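Proteins come first, then strands; the chains are lettered A, B, ... in the order of their sequence lines, and each starts at number 1. Keep in mind the model is a prediction, meaning the values are calculated, not measured. Side chains included, hydrogens not; waters and symmetry mates left out as well; all remaining heavy atoms used.
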Protein chains: 2
Amino acid sequence: MSENRQPPRRSDGTRAAILRAARERFAADGYERATIRAIAADANIDPSMVMRYYGNKERLFAAAAEFDLRLPALTGVHPDQASELLVGHFLERWEGDETLMALLRAGVTNPAAAERMREIFAAQLVPVAERLSPDRPQVRAGLVASQILGLALCRYVLRLPPIVAMERADVVAWTAPAVRHYLTGSVTETAEVGLQVAGDAGQVD
Amino acid sequence: MSENRQPPRRSDGTRAAILRAARERFAADGYERATIRAIAADANIDPSMVMRYYGNKERLFAAAAEFDLRLPALTGVHPDQASELLVGHFLERWEGDETLMALLRAGVTNPAAAERMREIFAAQLVPVAERLSPDRPQVRAGLVASQILGLALCRYVLRLPPIVAMERADVVAWTAPAVRHYLTGSVTETAEVGLQVAGDAGQVD
DNA sequence: GTCTATAATTCGATAGAC
DNA sequence: GTCTATCGAATTATAGAC
């Protein structure tokens, strides 16, 4: 992507400051309410500089919303431990990097942000599910995403009091079994069996 | 709530049309992008009528975002069946009423909408959890909310392809066991046992 | 490279005629 | 009750001086 041949451009610090301020604002306010003026003020520069460097608001967001989940491979790991590692890793990434918050807050109302989330899902989470199970890995990854994103939504965005109050270790202890079920569990196909869903006891533990 | 003494006001139809259009717009665009002008256009009236009836945008949303989940009591129902009924009921409410979509899309960026979601959670979902388990019902309800809202987020808002493609019955079959785990399952308390979380591998990294 | 000035829209909200 | 007209503020984006 970047030409690492040339010396660092003179305005490289400004670009980085803009990007950092943009992530903060998009994370806190979502796409619409995060204004270029506010981002520029946070970065201590003139609003026109943002336009000069990134062209328009859409491209600024695209640059600010690049993200690597840094998911571990988890090959050969026991499903129980893999699910715990996954949930813990997600919580760390959520609390340590504002980009995920920016993606979620913006993705709910901005189509480009939603598309970026689908890309991250397909390119980064689905491969992990594929390594853990050859059976419908996309569906499994989607279910894991639903639980992880729902958890982040309730804990960091909507701030439901009982979820906010939980210790991180308790969050992992509660949700890891569900994630394990999605990653490696099985479910009776309704199309084949008719009415019976989840057999006679959808065991999770 | 309403005085059912008086005859129906002459402008009662207009009020209802405004509310219906408001729900549509808030659901499709979120709080910021849903403009009073667009809502008025949908309702085939003048924008100033919206202001006359509801004062300002904030109160219009408050009126449009009143919602009853209509959750069944589920007393004396087997946990497996209760969780299936719950998930199925939520999916029906999501697909049959735009208010939930409006609440989710607005709640991510608008504090009043987020507060409304917390109210609905506390007043409508927590009591159901209390009827199914005396052990930490608020936490259990919160975990159920995280899975249900995450599912709605991925299926109806972000539209992750594998989740969108699933039949409703398959969604229920997959997620009901996780919801059952949250409603009636147990988890080793980290505070009591120290480091060990849900097994023998507690550390996250 | 950085900033001033401003164009061109769009929004929520108000005043007042009928 | 309904509408016309408009205010004041805020936004993205551009043009151009230094």
- Query: Any side-chain N or O of B/Tyr53 under 4.0 Å from OP1/OP2 of D/dT2?
  - Reply: yes
Can you tell me the distance, in whole Å, between the [atom1] atom of [X] and the [atom2] atom of [N]?
{"X": "B/Asp29", "N": "C/dG12", "atom1": "CG", "atom2": "P", "answer": "12 Å"}
{"X": "A/Glu32", "N": "D/dA10", "atom1": "CD", "atom2": "P", "answer": "18 Å"}
{"X": "A/Ile36", "N": "D/dA13", "atom1": "CD1", "atom2": "C1'", "answer": "8 Å"}
{"X": "B/Phe26", "N": "C/dG12", "atom1": "CZ", "atom2": "C1'", "answer": "12 Å"}
{"X": "B/Met51", "N": "C/dG16", "atom1": "CE", "atom2": "P", "answer": "17 Å"}
{"X": "A/Asp46", "N": "D/dC18", "atom1": "CG", "atom2": "C1'", "answer": "14 Å"}
{"X": "A/Arg15", "N": "C/dT2", "atom1": "CZ", "atom2": "C1'", "answer": "15 Å"}
{"X": "A/Met49", "N": "D/dG16", "atom1": "CE", "atom2": "C1'", "answer": "15 Å"}

From the set [options], return the single nucleotide nearest to any side-chain atom of [X].
{"X": "A/Ile45", "options": "D/dC3, D/dT11, C/dC3", "result": "C/dC3"}
{"X": "B/Arg37", "options": "D/dT11, D/dT6, C/dC3", "result": "D/dT6"}
{"X": "B/Asn56", "options": "C/dA13, D/dT11, C/dC3", "result": "C/dA13"}
{"X": "B/Thr14", "options": "D/dT2, C/dC3, D/dC3", "result": "D/dT2"}

- B/Lys57 to B/Tyr31 six-membered ring, cation-pi geometry met (6.0 Å, 45°): yes
- Query: Quick one: is the NZ or CZ of A/Arg105 closer than 6.0 Å to the six-membered ring centre of A/Tyr156, and within 45° of its axis?
  - Reply: no
- With sugar-phosphate meaning primed atoms plus P, OP1 and OP2, does A/Ser48 contact a base, only sugar-phosphate, or nothing at under 4.0 Å between heavy atoms? base
- Heavy atoms of A/Leu149 and B/Cys154 approach each other most closely as CD1-SG, 3.9 Å
- Message: Would you say A/Thr175 and A/Gln147 are linked by a side-chain donor-acceptor pair, where the criterion is simply a distance under 3.5 Å?
- Response: no
- 5′-ward residue of the pair B/Arg52/A/Arg33 relative to DNA chain D: B/Arg52
- Item | Check: A/Glu84 and A/Asp80 side chains under 4.5 Å, non-hydrogen atoms | no
